[in-house]
Amino acid sequence: MRRYNITVGDKEFDITVTYKSEKYHVTCNGKKMEAVAHFLGESRALLLIDGESHEVDVRSNGYGTSKIVFMKGMELPVTVEDYNLAQLRKTAGMTSESSIDKVLKAAMPGMVLDIKVQPGDTVRKGEPLLVLEAMKMENIIKSPGNAAVKAVHIQKGQSVEKGDSLLEFE
Amino acid sequence: MNRKIRKILIANRGEIAVRVMRACRDLGITSVAVFSDCDHTAYHVRMADEAYHIGPSPSTESYLVHDKIIEVAKKSKADAIHPGYGFLAENADFAQRCVDEGIIFIGPTPRTIRLLGDKLQARATALKAGLPVTPGGEFDAGDTEEAAKLAGKIGYPVLVKAAAGGGGKGMRVVTEPDSLPAALETASREAASAFGDGRVYIEKYLTRPRHIEFQILCDEHGNCIHLFERECSIQRRHQKVIEESPSPVMTPELRKEMGAAAVNIAKASGYVGAGTVEFLVDEDLSYYFLEVNTRLQVEHPVTEMVTGLDLVREQIAIAEGNKLSFGQDEVSQNGHAIECRIYAEDPEAGFMPSTGILKNYRMPAGPGVRVDSGVVIFNEIPIYYDPMIAKLIIWGANRTEAIHRTRRALEEYRISGVKTTIGFHRVIMDNKKFIAGDISTKFLNEEYPDNNYTLLDDNLCERAAVAAALQTFTKERQIAVQPVNSKQKSQWVTIHRKANLRTFTGSR
């Protein structure tokens with residue numbers, strides 16, 4: 001048996017899984033369900049959860065415990081942690097977002113229109129960090145998690161290439 | 001007058017290039033694609049009969065270079081060039097160049113493009129043709145004092161617009177007289193840098209208008225008809241995201257009146273080809289001419305779905321010098337169509353473009369579903385162009401059926417690798433005001449300020465959590481991580497081989 005602490009957006013799930021006679025027995029926040037899974041390679045799977053059919057694609061999101069689940073035409077941000085480790089982490093007062101990348105890189109080439117933070121600032125998840133003009137549009141780059149800004153590597157008006165380091169977190 | 005077109009160069013990429021090539025195939029016309037560095041494996045290159053490389057990825061060095069397009073047209077001996085939308089579609093200089101080189105430009109004449117591309121001239125043409133225009137100036141508002149007088153007369157709020165404008169650039173909403181001079185100045189400066197033309201003008205700003213446009217078709221023999229309306233009020237940053245036909249507010253009388261107005265301005269501007277006359281419609285259903293788009297629009301399929309016509313086919317027939325094969329009385333609207341533009345953008349991060357490789361890509365299908373896709377699986381969404389993946393176009397017997405079917409198709413879509421606007425569209429299809437047809441160009445701002453789209457319902461979250469748990473568990477325990485059919489050999493293989501064997505031995 002394995003027990004996980006899983007978050008989807010801002011919702012939290014306590015899930016245990018056991019595998020017995022070709023079926024998964026799942027308890028999700030106290031609710032029991034049975035599942036059959038066929039994996040098509042590493043990430044894609046056909047699931048029957050209590051007979052309900054789902055085609056899903058579970059991909060790791062580049063770092064740590066973060067994953068993206070693609071299902072029903074949607075993409076859901078998910079974190080998967082071992083239940084006991086998650087309890088330890090919570091007791092220690094850490095948020096799971098502390099596992100964000102230390103360096104924020106440009107996802108596309110563009111021009112820096114505005115920088116909203118400076119070294120030493122603490123930011124919460126979703127807080128705007130900077131404004132990048134790319135593809136003729138102004139894009140607000142938000143913080144991937146709760147973190148402290150260690151360094152800002154760019155200046156207002158500067159052009160950046162894809163993959164350039166924009167800022168660093170503690 | 002009749003010129004037979006046997007080969008068409010499509011000076012575009014993505015879904016519209018594929019769309020035009022399909023019409024070419026249907027007509028037995030050979031299609032020629034052009035492509036940039038990053039588009040070597042693009043869908044439009046695979047779809048074309050011939051394809052030629054035209055340079056580096058930035059469009060200013062490839063898809064927008066007149067010389068390169070003309071060179072390929074000559075090398076491939078193309079009779080005509082279809083510009084699609086965007087890129088060179090409304091470029092009068094390019095259209096003139098085609099004429100000079102003896103290549104048919106599939107679109108209106110350079111003179112018409114120039115006339116209607118200038119908003120002040122288009123307004124003047126509309127007035128002359130008897131169309132209602134938003135109260136305001138048919139003059140260059142460079143003179144601040146004159147502008148203030150006019151603004152006072154028509155009443156605030158007013159809109160300052162660039163004569164050469166487009167895409168919201170050089171546009172300013174002014175709510176009170178004090179901020180008018182500054183708005184005129186910044187709008188003019190913005191317009192000068194964006195379009196090389198600093199002329200601006202003022203018109204009445206409608207606070208909650210609908211955007212309703214009429215499709216027109218005109219041949220060079222003076223026949224001109226309209227193919228009814230499209231409602232395109234669901235917009236984000238002046239970009240349409242959902243379009244439908246018919247409009248939920250349209251009445252037969254208003255349709256007749258606005259359709260006639262659209263035909264009138266087309267005739268007044270010497271229009272030949274397919275085009276769109278755009279209007280703003282106020283809450284009391286009074287309507288005002290906005291502009292004419294001298295190209296095939298992104299949203300043209302909704303008109304095709306309700307009229308049963310193929311607009312690209314009509315464009316080609318008109319370019320060949322043929323008369324329209326049907327009159328106004330022979331076209332009708334059947335059912336209801338909705339188009340959702342599926343973008344590689346993240347709705348929860350302010351619609352930031354999301355680039356990457358499509359690791360999984362499966363399109364919806366079934367009754368009433370049409371997907372005009374610009375990509376196939378394992379294609380990359382490049383950073384250089386508009387990040388549209390596909391257009392999902394749905395037909396239903398009525399609006400309610402079309403909305404239900406759109407929901408179904410959105411859920412059937414499977415895309416992984418990039419973030420998409422599928423979830424956003426799914427949310428809109430559940431919005432009570434949208435369902436009631438109570439929409440305006442302010443809809444998204446009013447309903448979802450700060451882009452607060454609640455995309456994740458509880459049940460879906462729970463299923464996603466279980467899916468992630470099962471995947472992690474299986475990976476950790478190494479249970480059966482293997483393709484489904486690896487244990488037993490598929491019977492289809494055997495059947496297929498037997499069938500082949502029969503063919504070879506001639507026993508069939």
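Lettering of chains follows the sequences in order, A, B, ..., and the numbering in each one begins at 1. All values below come from the heavy atoms of this structure, side chains included, with hydrogens, waters and symmetry mates left out.
- Using a 4.5 Å cut-off between heavy atoms, B:R463 contacts chain A through both its backbone and its side chain.
- In this structure, the side chain of A:E52 does not engage the main chain of A:I49 through any donor-acceptor pair within 3.5 Å.
- With a 4.5 Å cut-off on non-hydrogen atoms, A:R2 touches chain B through its backbone and its side chain both.
- Heavy-atom distances place the side chain of A:L47, and not its backbone, under 4.5 Å from chain B.
- Looking at B:L470, both its backbone and its side chain come within 4.5 Å of chain A, counting heavy atoms on both sides.
- The residue among A:K31, A:R44, A:K142 with the most heavy atom pairs within less than 4.5 Å of chain B is A:R44.
- Interface remark: B:S354 contributes no atoms to any contact with chain A (heavy atom separation under 4.5 Å).
- Heavy atoms of A:V78 lying under 4.5 Å from chain B belong exclusively to its side chain.
- Not one N or O on the side chain of A:T16 forms a donor-acceptor pair closer than 3.5 Å with the backbone of A:R3.
- Side chains of B:T420 and A:E75: a donor-acceptor N/O pair is present below 3.5 angstrom, by distance only.
- Per-residue counts of heavy-atom pairs under 4.5 Å with chain B were compared for A:V17, A:I6, A:D57; the largest is that of A:V17.
- Geometrically, B:R477 does not engage A:Y19 in a cation-pi contact, judged by NZ or CZ lying under 6.0 Å from the ring centre and within 45° of the ring axis.
- Contact annotation for A:K11: only side-chain heavy atoms (C-beta onward) come within less than 4.5 Å of a heavy atom of chain B.
- Looking only at distances, a side-chain donor or acceptor of A:N29 sits under 3.5 Å from a matching main-chain atom of A:D14.
- If you measure heavy-atom distances from B:E462 to chain A, the contacts under 4.5 Å come from both the backbone and the side chain.
- Contacts of A:E55 with chain B are made by both backbone and side-chain atoms, with heavy-atom separations under 4.5 Å.
- Checking B:N293 against B:Y85 by side-chain atom types alone, no donor-acceptor pair falls below 3.5 Å.
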Residue pair B:T474, A:Y24: steps toward the side-chain hydrogen bond (donor to acceptor under 3.5 Å, both in side chains) verdict
CA-CA 10 Å; B:T474 309; A:Y24 295 86; 3.0 Å; yes

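- Here A:K90 does not pair with A:E81 in a salt bridge; the nearest charged N to carboxylate O distance is not below 4.0 Å.
- Neither the backbone nor the side chain of A:T27 comes within less than 4.5 Å of any heavy atom of chain B.
- Taking the six-membered ring wherever Trp is involved, the centroid distance between the rings of B:Y63 and B:Y385 falls below 6.0 Å.
- Proximity to chain B (any heavy atom under 4.5 Å) is shown, for A:A45, by neither the backbone nor the side chain.
- Listed options A:V80, A:I141, A:L76 were ranked by heavy-atom pairs under 4.5 angstrom with chain B; first place goes to A:L76.
- With a threshold of 4.5 angstrom between heavy atoms, B:R408 does not approach chain A through any atom at all.
- Judged purely by distance below 3.5 Å, without hydrogens or angles, the side chains of A:T79 and A:T7 pair a donor atom with an acceptor atom.
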